Q: 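Dumping the structure here so I can ask a few things about it.
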Amino acid sequence: YTTLFRSETLFYHLVILILSLALSGLGAIIEEPWDYFTRGSEMISTIESMSFDASAIVLGLFCIIFLIINRRFHTRHTVLFLTIMLVLVFSATADLWTGALEYLGLTLRRLPETIAWETHYFFFHSLLGVLVMLYVMSVNGSIRNKPRWWKILLCIPTIAQEVFILLNPIHNRVFYYDAAGHFTRGDLEIVIYVINAVYVLGGIINLIRYREAVTPRVLYSMIYFFIAAMVGVSIQFFFQEMKVELFAEVMALLGTMMVIENTESARDPEANALTRNAFLIDLTRLIETNTHFHIVAVRIKNLDLYARILPQKNQKTLIQSVNGFLSRLARRLDVYYIRRGVFVCIFFCQDDEVKANTEKIRERFSDGWVCGDMSVVFDAVLAEAAIPQDIKNQDEIISLLDADFDKAGAGVQILEGEDFAYLSREKDVENALRHALSEGSLRVFYQPIWNSKTHKITTAEALVRMITPELGFVSPAEFIPVAES
């Protein structure tokens with residue numbers, strides 16, 4: 001079963017099957033496009049509307065199982081995604097049960113049970129607004145900059161509406177059943193719709209504000225999510241008997257899962273870690289949202305040595321062992337494989353905790369890594385930097401990871417703090433060189449070459465020199481490697 005669920009082709013085939021079943025239910029409801037408007041709600045039978053709830057439950061459960069089996073629930077936005085999907089499944093289950101009681105004609109005979117299930121539906125479904133807003137903020141990373149009091153304040157309207165929903169059997173202001181057993185909306189239901197609409201609007205505004213923090217693919221998938229969900233909500237709001245809201249929301253989440261939560265294509269096949277491109281995307285998101293974070297880069301210096309003496313299978317096992325260790329260390333975070341032999345972890349914890357984790361990595365690399373019948377000892381250098389305190393911008397981070405960063409000394413060495421000053425100097429030299437080239441301010445000095453036999457200057461060696469107002473004299477040994485790179 002694990003193999004089947006890991007097959008994305010099978011997953012998409014089942015999605016198409018469920019869509020076909022749901023569309024057949026829609027076809028049974030509306031045989032001709034204009035019938036609903038001419039005949040009213042009489043043509044919408046309970047059993048036909050229940051097909052949407054059933055489809056939402058099946059599709060929602062399958063998405064949850066698919067993510068859990070593939071172990072894709074370590075990040076904050078994935079946990080929120082699973083929470084939203086569970087809320088939708090619970091809501092659809094409660095709505096389906098009340099529909100079944102109505103279909104069997106048991107609404108009045110089992111009125112307390114009907115009210116209980118309807119209350120469950122409202123309780124769970126009303127959580128979606130705040131969850132969707134938090135999910136959007138988690139995807140673009142802007143939630144990390146919000147203080148705890150802001151998050152508590154954000155949840156107060158949801159807490160208030162949930163209390164009113166739980167007390168509805170007493171005040172009947174959210175919904176009630178009349179003497180004939182018909183469901184009737186109360187005045188507070190409109191208030192609940194407004195509260196959740198404000199949350200959704202907040203999510204849209206946040207998405208637009210931090211649109212540069214996500215890729216166009218993610219941005220378009222979130223736009224699809226909002227459009228699909230709002231279409232379903234609007235249809236059910238104006239045509240109460242057409243229970244398509246939950247199904248539309250599950251379908252919207254399905255599209256989101258395919259794009260955002262499915263990271264399989266962004267994983268390096270050798271290390272089973274996220275790729276360099278995935279790191280650049282996440283790095284852009286963090287910098288665009290002005291997030292303070294730490295990176296710990298691990299460079300294995302003697303990996304090429306073992307590549308010459310170990311079979312390919314054993315090399316892959318070693319690399320994945322390193323990734324497994326780093327993944328366990330950076331709980332609920334991703335590990336990136338930037339290039340051969342270079343891993344990167346992103347931490348959002350305090351300085352002391354980051355240093356403790358760096359020390360754990362150093363201790364682990366000081367020990368051997370078991371590979372079959374032999375033990376392999378890696379020579380490694382660690383780079384632990386706070387962003388933007390130690391490394392100021394994205395270019396400097398990329399320069400560090402692309403260079404063969406090293407530090408003198410035996411064993412596992414750690415770069416930190418002042419060790420990264422050269423990155424800023426290198427960027428300053430690069431900017432000064434670009435300015436000098438554009439302004440034509442590079443100076444050429446001619447060093448004469450004296451012929452000892454003729455006692456004359458026979459030729460001269462042209463030497464380029466760079467003198468800038470900001471950096472002063474810059475040695476060719478410093479700016480020529482920058483120019484070549």
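All values reported here derive from a predicted model rather than from experimental measurement.
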Q: Ion pair present between Glu430 and Arg434, side-chain N to carboxylate O less than 4.0 angstrom?
A: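 Counted as a salt bridge, because a side-chain N and a carboxylate O are separated by less than 4.0 Å.
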
Q: Which heavy-atom pair separates Ala307 from Gln315 by the least distance, and what is that distance?
A: O-NE2, 3.1 Å

Q: Starting at CG of Leu134, measure out to OG1 of Thr83 and round the result to the nearest 0.5 Å.
A: 10.0 Å

Q: What are the two closest non-hydrogen atoms of Met251 and Leu59, and how far apart are they?
A: SD-CD2, 3.3 Å

Q: Step by step, would you call Met137 with Met133 a side-chain contact (heavy atoms from CB on, under 4.5 Å)?
A: CA-CA 6 Å; Met137 297 177 68; Met133 184 175 179; 4.3 Å; yes

Q: Closest approach of Gly368 and Ser375, non-hydrogen atoms and distance?
A: CA-OG, 3.5 Å

Q: Short question: side chain of Asn302, backbone of Val377 - any donor-acceptor pair under 3.5 Å?
A: yes

Q: With the side chain counted from C-beta on, respond yes when Glu249 and His125 share a heavy-atom pair under 4.5 Å apart, and no when they do not.
A: yes

Q: Do the side chains of Met466 and Phe473 get nearer than 4.5 Å, heavy atoms only?
A: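 They are not in side-chain contact.
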
Q: Using modelled atom types only, decide if a donor and an acceptor are shared between the side chain of Asn272 and the backbone of Asn323 within a distance under 3.5 Å.
A: no

Q: Got a sec: does the CZ of Phe164 have more than 12 other heavy atoms crowding it under 6.0 Å?
A: no

Q: Among Ile387, Asn393, Asp395, find the one that has a side-chain contact (heavy atoms from CB on, under 4.5 Å) with Ile391.
A: Ile387

Q: Say you draw a straight line from OG1 of Thr317 to CD of Gln312; how long is it, rounded to the nearest 0.5 Å?
A: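 The distance works out to 10.0 Å.
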
Q: What's the separation between atom CG in Asn290 and atom OH in Tyr210, rounded to the nearest 0.5 Å?
A: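 Result: 7.5 Å between the selected atoms.
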
Q: How close do Ala92 and Leu246 get, counting heavy atoms only, and between which atoms?
A: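 The answer is CA-CD1, 3.4 Å.
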
Q: Check Asp268 with Arg276, please: is the shortest side-chain N to carboxylate O separation under 4.0 Å?
A: no

Q: Do the side chains of Glu363 and Lys360 get close enough for a salt bridge, i.e. N-O under 4.0 angstrom?
A: no

Q: If we count only N and O atoms by modelled type, under 3.5 Å, do the side chains of Tyr199 and Thr158 hold a donor and an acceptor together?
A: yes

Q: Side-chain donor-acceptor pair under 3.5 Å between Ser142 and Asn206, yes or no?
A: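 Judged by distance alone, the side chains do pair up.
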
Q: When you look at CZ of Arg465, are more than 12 heavy atoms from neighbouring residues, nucleotides or ligands closer to it than 6.0 Å?
A: yes

Q: Keeping the roles fixed (side chain from Asn314, backbone from Leu310), state whether a donor-acceptor pair exists under 3.5 Å.
A: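 A pair under 3.5 Å: no.
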
Q: Tell me whether Arg285 is salt-bridged to Asp282, with the criterion being a basic N under 4.0 Å from an acidic carboxylate O.
A: yes

Q: Considering all heavy atoms of both residues, which atom of Pro388 and which atom of His292 are nearest to each other, and what is their separation?
A: CD-ND1, 3.4 Å

Q: Show your reasoning for whether side-chain contact (heavy atoms from CB on, under 4.5 Å) applies to Phe347 and Val296.
A: CA-CA 8 Å; Phe347 293 93; Val296 176; 3.7 Å; yes

Q: Is the ring pair Tyr306/Phe378 parallel, tilted or perpendicular, if the boundaries are 30 and 60 degrees?
A: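 Tyr306 vs Phe378 ring planes: perpendicular.
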
Q: Is the positively charged end of Arg144 above the ring of Phe348, judged by distance under 6.0 angstrom from the centroid and angle within 45° of the axis?
A: yes

Q: For a side-chain contact (heavy atoms from CB on, under 4.5 Å) check, start with the C-alpha distance between Thr275 and Phe279, then their side-chain angles and the critical distance, and finish with the verdict.
A: CA-CA 6 Å; Thr275 60; Phe279 173 75; over 6 Å; no

Q: Phe90 and ring-ring contact (aromatic ring centres under 6.0 Å, His included): which single residue from Phe122, Phe124, Phe123 fits?
A: Phe124

Q: Return the NE2 to OG1 distance between His294 and Thr358, rounded to the nearest 0.5 Å.
A: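 Nearest 0.5 Å value for the NE2-OG1 distance: 8.5 Å.
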
Q: For Leu80 and Ser138, work out which heavy atoms get closest and say how close.
A: CD1-OG, 3.2 Å

Q: Going from CG on Leu154 to CD1 on Ile143, what distance comes out if it is rounded to the nearest 0.5 angstrom?
A: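 The CD1 atom of Ile143 is 8.0 Å from CG of Leu154, to the nearest 0.5 Å.
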
Q: Spell out, as yes or no, whether a donor-acceptor pair under 3.5 Å connects the side chain of Asp390 to the backbone of Ala385.
A: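 No: the side chain of Asp390 does not pair with the backbone of Ala385.
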
Q: Quick one, Val344 with Leu401, criterion side-chain contact (heavy atoms from CB on, under 4.5 Å). Give me CA distance, side-chain angles, the key distance, then yes/no.
A: CA-CA 9 Å; Val344 175; Leu401 300 178; 3.7 Å; yes

Q: I need the Cys345 SG to Leu382 CG distance, nearest 0.5 Å.
A: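 Output value for this atom pair is 10.0 Å.
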
Q: Could you tell me whether the side chain of Gln161 and the main chain of Ser126 form a donor-acceptor pair under 3.5 Å?
A: yes

Q: Parallel under 30°, tilted from 30 to 60°, perpendicular over 60°: which one fits the rings of Tyr135 and His77?
A: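 Judged by the thresholds at 30° and 60°, the geometry between Tyr135 and His77 is perpendicular.
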
